Amino acid sequence: MSTINFAAREINFKIVYYGPGMSGKTTNLKWVFQQVPQNRKGEMVSLATEDERTLFFDFLPVDLGEVKGFKTRFHLYTVPGQVFYNASRKLILRGVDGLVFVADSAPNRLRANAESMRNLRENLAEYGIKAEDIPIVLQANKRDTPDALPVEMIQAVIDPEMRLPIFEAVATTGVGVFETLKAVSRQVLSRVAAAS
Amino acid sequence: MVEPAIALFGGAYENASQVLEELLRESGARYALLLDRKGFVLAHKEALWAPRPPALDSLATLIAGNAAATQALAKMLGESRFNELLHQGATHGLYAEEVGELALLVVIFDNSAPVGRVKLFGKRAVQALEVITRDSVVQPGTLGIDHEYRDGASALLDELFGN
Ligand SMILES: Nc1nc2c(ncn2[C@@H]2O[C@H](COP(=O)(O)OP(=O)(O)OP(=O)(O)O)[C@@H](O)[C@H]2O)c(=O)[nH]1
Ligand SMILES: [Mg+2]
């Protein structure tokens with residue numbers, strides 16, 4: 001649940017980027033960090049291995065500005081995508097308000113996408129959350145891969161009911177990065193507004 | 001969103017701040033923070049003499065992550081919890097303790113402040129903070145974020161991330 005600090009007049013939301021290893025989660029955050037003006041972001045914290053694979057999480061706070069007297073902030077996190085980091089991945093999901101699922105468009109990662117989505121459902125279930133009950137936006141990243149699979153084929157394995165919005169992206173050049181983030185943020189805001 | 005949230009405001013916030021302030025005075029520590037388990041800062045105090053603290057957002061996130069990892073380790077070893085987190089370097093130390101189910105107290109101190117004192121007054125502060133935060137737990141839906149708020153925030157999203 002979003003955290004509200006009435007004293008500081010702040011409302012904070014937690015958005016987590018999920019997906020298989022190497023799909024481009026950290027690259028999404030790096031792009032946001034590069035593009036957002038200095039006064040609208042905090043430090044980016046990356047807990048990564050020597051070879052730049054996420055070990056625990058990346059973190060980037062983004063200041064949206066003031067709404068109705070409340071400073072509104074999005075805390076963006078990525079999880080480590082590698083299968084054997086599941087214990088840490090689970091911890092990052094605590095208190096999540098919205099999710100971006102970053103899928104890899106390469107043909108040899110199709111199964112990894114599917115497995116990561118299944119893993120997400122399992123981990124959410126441990127917090128008593130159904131995937132249907134939380135805003136999730138899909139991103140088909142690495143659209144610049146020469147043999148990139150059709151988006152529908154990717155969605156078919158991670159969202160067979162074709163229920164979720166999906167955005168095409170090339171995170172290295174920023175294509176689709178803001179669109180994805182805006183979409184999940186809007187859903188999070190709508191959900192909170194509807195709850196009150 | 002399934003998790004209840006702590007919303008500190010008004011008197012509860014004042015009381016929590018006062019507890020942190022007292023803790024700093026009695027322990028001689030630099031900074032004291034009350035966080036929720038997700039790594040958001042609920043309240044914080046700095047000693048007047050202390051230099052500017054590092055980015056509190058990052059600090060809070062790392063400590064919450066660290067605490068979560070520590071508790072996961074405890075569970076794996078069949079412990080219900082490990083009591084506290086204590087890190088000490090050549091000149092600085094960091095002490096963190098759970099405040100009920102939903103919050104954490106963090107104290108950052110110079111080595112001029114004896115660690116025993118930090119822990120003693122830290123634990124005392126935790127007791128007071130536990131009561132305050134318990135009374136400040138709100139269920140989602142009572143927070144008063146309405147459609148007007150959503151529309152305002154939505155417009156800011158376009159402003160920041162483009163149309
Ligand atoms: N060609 C191409 N490469 C990309 C794209 N997005 C990310 N990459 C590259 O893919 C590699 C992995 O990207 P990361 O962002 O570190 O992947 P990750 O999902 O954070 O991986 P883990 O931390 O292991 O879970 C890096 O070399 C990126 O530069 C893209 O859209 N196109
Ligand atoms: Mg990464």
Side-chain angles (χ1 to χ4, degrees), chain A residues 1-12 14 32 35-37 40 42-45 47 56-57 59 61-68 70 72-75 77 87-88 90-92 94-97 127-129 133-134 177-179 181-182 185-186 188-196, chain B residues 1-10 12-14 16-17 35-44 54-59 61-62 64-69 71-73 76 136 138-163:
Chain A
M1 182 56 210
S2 43
T3 296
I4 305 199
N5 189 333
F6 282 89
R9 301 194 73 74
E10 272 179 16
I11 300 184
N12 299 301
K14 177 170 179 176
V32 175
Q35 298 300 315
V36 169
R40 308 292 285 277
E43 288 173 5
M44 180 161 168
V45 176
L47 303 184
F56 198 175
F57 59 80
F59 166 70
V62 175
D63 268 318
L64 197 56
E66 210 169 283
V67 190
K68 286 185 74 181
F70 281 96
T72 300
R73 284 192 156 151
F74 286 89
H75 279 191
Y77 284 81
S88 341
K90 208 181 304 177
L91 296 177
I92 306 306
R94 179 166 192 171
V96 61
D97 292 303
Y127 288 100
I129 304 173
D133 295 342
I134 188 164
V177 170
F178 281 170
E179 287 81 352
L181 178 54
K182 271 198 329 189
S185 306
R186 285 229 158 85
V188 167
L189 291 166
S190 293
R191 195 157 170 276
V192 175
S196 28
Chain B
M1 297 241 186
V2 176
E3 236 177 307
I6 295 175
L8 270 194
F9 55 101
Y13 175 79
E14 297 300 330
S17 301
L35 317 178
D36 74 6
R37 293 298 183 99
K38 290 169 279 174
F40 292 116
V41 179
L42 295 169
H44 89 278
L56 293 181
D57 268 347
S58 312
L59 201 81
T61 306
L62 289 169
N66 198 355
Q71 291 318 327
L73 283 170
M76 292 177 100
S136 304
V138 294
Q139 291 304 325
T142 57
L143 298 170
I145 306 179
D146 53 14
H147 291 94
E148 192 188 331
Y149 172 85
R150 181 199 58 194
D151 296 343
S154 197
L156 286 179
L157 281 173
D158 284 330
E159 186 198 304
L160 187 58
F161 298 129
N163 250 316

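Within every chain, numbering begins at 1; the chains are lettered A, B, ... in the order of the sequence lines, protein sequences first and strands thereafter. Owing to the predicted nature of the structure, the values given are computational and were not obtained by experimental measurement.
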Non-hydrogen side-chain atoms of A:Val45 and B:Leu62 separated by less than 4.5 Å: yes

Note, A:Val67 side chain near B:Arg150 side chain (heavy atom, < 4.5 Å): no

B:Ser58 side, atom OG; A:Met44 side, atom CE - distance, nearest 0.5 Å: 11.0 Å

4.5 Å side-chain heavy-atom contact, A:Leu189 and B:Tyr149: yes

Atom of A:Phe56, atom of B:Gly65 and distance for their closest heavy-atom approach: CZ-O, 3.5 Å

Side-chain donor/acceptor of A:Lys182 to backbone N/O of B:Gly162, under 3.5 Å: yes

Spatial distance of atom CG (B:Asp57) from atom CG (A:Asn12) [nearest 0.5 Å]: 7.5 Å

Any side-chain heavy-atom pair of B:Phe161 and A:Val62 under 4.5 Å: yes

Region of A:Arg40 that comes under 4.5 Å of a non-hydrogen atom in chain B: side chain

Region of B:Glu159 that comes under 4.5 Å of a non-hydrogen atom in chain A: side chain

Structural part of A:Asp133 lying under 4.5 Å from a heavy atom of chain B: neither

Atom group of A:Leu64 that falls short of 4.5 Å from chain B, counting heavy atoms: both

Euclidean distance, B:Thr61 OG1 relative to A:Tyr77 OH, rounded to 0.5 Å: 3.5 Å

Nearest non-hydrogen partners of A:Arg94 and B:Lys38, listed with the distance: O-CG, 3.7 Å

Salt bridge (charged side-chain N to carboxylate O under 4.0 Å, His left out) evaluation trace for B:Asp158 with A:Arg186: CA-CA 10 Å; B:Asp158 284 330; A:Arg186 285 229 158 85; 3.0 Å; yes

Side-chain touch B:Leu160/A:Gln35, heavy atoms, less than 4.5 angstrom: no

Residue part contacting chain B, namely of A:Ile92, when any heavy atom lies under 4.5 Å: neither

Heavy-atom pair with the smallest gap, counting every atom of A:Ser185 and B:Leu157: CB-CD1, 3.6 Å

